[in-house]
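Before any comments, here is the structure.
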There are 2 protein chains.
Amino acid sequence: MYICPMYSKELIKGTLKTIILRLLEENGRMYGYEITQRVKEITEGQLVLTEGALYPTLHKLESDGLLTTEKEFIGKRVRKYYSLTPSGNTETLNKVNEFQEFVRVMQLILKPKTA
Amino acid sequence: MYICPMYSKELIKGTLKTIILRLLEENGRMYGYEITQRVKEITEGQLVLTEGALYPTLHKLESDGLLTTEKEFIGKRVRKYYSLTPSGNTETLNKVNEFQEFVRVMQLILKPKTA
DNA sequence: TATAATACCTAAGAATCCAATGTATATTTG
DNA sequence: CAAATATACATTGGATTCTTAGGTATTATA
C-alpha cells in the first residue's frame, strides 16, 4: 500500500481506505496527489502512499458509491477532486471504529502482562 | 487471516505473525490448535484464527528460523509444539514494536481533531 | 535548459489470507 | 453404543491488497 520506511510492510495492509475516507471527512474535498502529500506531512514522512495503491483505491471507492469526483483545470493540468457521498460518510465512521476496535483487541493479545 | 466476525477482514492483514510470536513469547511453547483456542479465549471470540492461515504461517516462521518444533504423541495423536529460537525472540520484540509504532502513526491521521 | 515537482494512470507480480477440503483420533452426548 | 462434536494436523484455489515499474503530460525551479 505504502512505502513505509519504518515498519514491515505486511503489518499495514488494509488501512488505505480508512486513511483516505478519514482525510476526506476532515478536509471536505481533496485530489489524489494532495492526499499523498497530506499523509506524508501528518506522519512526518513515516507513511508515504504509493500511487500504484492510491489511484486504484480511489477508483474503487468511487465505483462503490462512497466518493464523487469533479474535475478542475489548473492551467492545462487536470485535477480530480474527490469528496464523500452520504454513504461514504457512514462508511468512514464504520471504518474508523473498526480500526479502533481492532487495535483494542490486538492489545489484549500483545500486552496481557498486567492482565 | 482469521475469521473475524466484527471487523472488515481487510483491516487485519499482516498481524498474524505478530500474534503467534507474542503468544509463544508469553507461553514458552504451544501447538497450533492451542494457539487458535488461546486467541479465541483472550479476545472473547472476537478474533478466530483459521487453520488455512495459521498452519502455513507456522511453517513459514519455522523455515525462516524463528521457531523450532518438537513432536509429542498424546495417545495416537501427534502434537507439534512450537517455541521461539533466539532470533525468534528478537523478531518478536521488533514485530510488537512495529505494530505499536504503526498504531501511533495511524492515530495521527485518524484523530487529528485536537491537533 | 535540464531537473524536479505536480498530476494523472495502468499492469505484472508478490504476499497474505479465506474457504473448502482432507485425514485421523478422542471425547461427549443422546 | 452410535452419532456428533472436539481435537489436531495439513493443503489447495481463489480473492484481495499492495509494490514495483512503467507511462503521459504540464509547470516550476535551479
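Owing to the predicted nature of the structure, the values given are computational and were not obtained by experimental measurement. Proteins get letters first, then strands, A, B, ... in listed order; numbering begins at 1 in each. Side chains are part of it too, since the values below use all heavy atoms of this structure and drop only hydrogens, waters and symmetry mates.
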Among side-chain atoms of Thr36(B) and Glu51(B), is any donor-acceptor pair under 3.5 angstrom?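 Short answer, no.
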Give a yes-or-no answer on whether the side chains of Thr68(A) and Glu62(A) include a donor-acceptor pair shorter than 3.5 Å.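 Absent: no donor and acceptor within the cut-off.
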Does the side chain of [X] get closer than 4.0 angstrom to OP1 or OP2 of [N] through an N or O atom?
X: Tyr31(B); N: dA8(D); answer: yes
X: His59(B); N: dT11(D); answer: yes
X: Lys80(B); N: dA10(D); answer: yes

Starting at atom [atom1] of [X], determine the distance to atom [atom2] of [N], rounded to an integer number of angstrom.
X: Lys60(A); N: dA15(D); atom1: NZ; atom2: P; answer: 14 Å
X: Glu72(A); N: dT27(D); atom1: CD; atom2: P; answer: 15 Å
X: Glu41(B); N: dT7(D); atom1: CD; atom2: P; answer: 12 Å
X: Ile35(B); N: dC9(D); atom1: CD1; atom2: C1'; answer: 13 Å
X: Leu61(B); N: dT16(C); atom1: CG; atom2: P; answer: 10 Å
X: Phe73(A); N: dA7(C); atom1: CZ; atom2: C1'; answer: 12 Å
X: Leu54(B); N: dT16(C); atom1: CG; atom2: P; answer: 15 Å
X: Tyr33(A); N: dT26(D); atom1: OH; atom2: C1'; answer: 13 Å

For the base of dA10(D), is there a side-chain donor-acceptor partner from Glu51(B) under 3.5 Å away?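 Donor-acceptor pair under 3.5 Å: yes.
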Arg77(B) (side chain) and dT7(D) (base): donor-acceptor pair under 3.5 Å: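 Counting by modelled atom types and ignoring angles, a donor-acceptor contact under 3.5 Å is found here.
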Considering every strand and a 4.0 Å limit on heavy-atom distances, what is the contact class for Gly75(A): base, sugar-phosphate, or nothing?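 The residue Gly75(A) makes sugar-phosphate contact but no base contact.
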Under 4.0 Å between any heavy atoms, over every strand shown, what does Gly52(B) touch: base, sugar-phosphate, or nothing? Just pick one.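 Base, at least one base atom sits under 4.0 Å.
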Looking only at side-chain atoms of Tyr55(A), point me to the closest of dC9(C), dT20(D), dT11(D).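 Of all the options, the side chain of Tyr55(A) is nearest to dC9(C).
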Counting side-chain heavy atoms from C-beta on, which of dA10(D), dC8(C), dT16(C) comes nearest to Lys17(B)?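 It is dT16(C).
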Find the distance between CE (Met30(A)) and CD (Glu25(A)) and round it off to the nearest 0.5 Å.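 The CD atom of Glu25(A) is 12.5 Å from CE of Met30(A), to the nearest 0.5 Å.
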Spacing of CD belonging to Glu98(A) relative to NZ belonging to Lys95(A), to within rounding of 0.5 Å: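 Reported value, rounded in 0.5 Å steps: 6.0 Å.
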Let me know, please, whether Ile74(B) or Val78(A) comes out on the 5' side of the other along DNA chain C by nearest nucleotide.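 Closer to the 5' end of DNA chain C: Val78(A).
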Crowded around Glu72(A) CD? As in, over 12 foreign heavy atoms under 6.0 Å?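 Result for CD/Glu72(A): enclosed.
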